[in-house]
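Structure record follows, encoded as structure tokens.
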Amino acid sequence: MIHEQSATERLYTVLASIPRAKVVTYGQLAQLAGMPGRARWVGQVLKQLPSDTTLPWFKVINAQGKISFPPGSDAAERQAQKLRDDGVEVSEHLRIDLRQYQLASLS
DNA sequence: CGACTGACCAGAT
DNA sequence: TATCTGGCCAGTC
């Protein structure tokens, strides 16, 4: 039975397939999900994920290489810890080196 | 209907 | 490095 995936489903599929110790930016994830230019849409989708989701939401960071939560917030620290557990170096200022950790195939 | 907001982004200054 | 501008667009009021 052929079934067309919705854009949101494609986003989930792509996100779930990100390798260990790799991250993607909102814009990159939008493009990979077939919604180029829709970085904000990605943010909206992630925001409504259930708190107990198994999707690696923490792998999504902004194009500046930083976690998109206010520095010092619980959310930011949670994401930073998850990333470190995944093998990604996160500085005290919530910065990640995209050159080293961003999923390849897009700049 | 307009105004404002957001887990965003790239280019210009 | 920091700001600003315009682009993107679904929600909310």
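Predicted model only: the values in this text are computed from it and were never measured.
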Span that lies between the C1' atom of C/dC13 and that of B/dC1, in whole angstrom: 12 Å
Interface limits on DNA chain C, where chain A has a heavy atom under 4.0 Å of a nucleotide atom: C/dG7 to C/dA10
With A/I61, the side chain to side chain contact (heavy atoms under 4.5 Å, CB included) member among A/L98, A/V88, A/V24, A/V90: A/L98
DNA chain B: 5'-most and 3'-most nucleotides touching chain A, 4.0 angstrom heavy-atom criterion: B/dG6 to B/dA10
Closest non-hydrogen atom pair, A/N62 against A/S68: ND2-OG, 3.0 Å
Audit row: A/Q102, A/T25, side chain to side chain contact (heavy atoms under 4.5 Å, CB included) steps and yes/no: CA-CA 8 Å; A/Q102 180 174 30; A/T25 65; 3.5 Å; yes
Any residue meeting side-chain hydrogen bond (donor to acceptor under 3.5 Å, both in side chains) with A/D85, in chain and number order, not counting sequence neighbours: A/Q81
Atom NZ of A/K82 with >12 non-hydrogen neighbours under 6.0 angstrom: no
Crowding at CZ, A/R95 (>12 non-hydrogen neighbours, <6.0 Å): no
Flag if over 12 foreign heavy atoms under 6.0 Å of CD, A/Q48: yes
Spacing of the P atoms in C/dG7 and B/dA7 (rounded, Å): 23 Å
Note, A/I18 side chain near A/V23 side chain (heavy atom, < 4.5 Å): no
Sugar-phosphate only, base, or nothing, as touched by A/R38 at under 4.0 Å among non-hydrogen atoms: sugar-phosphate
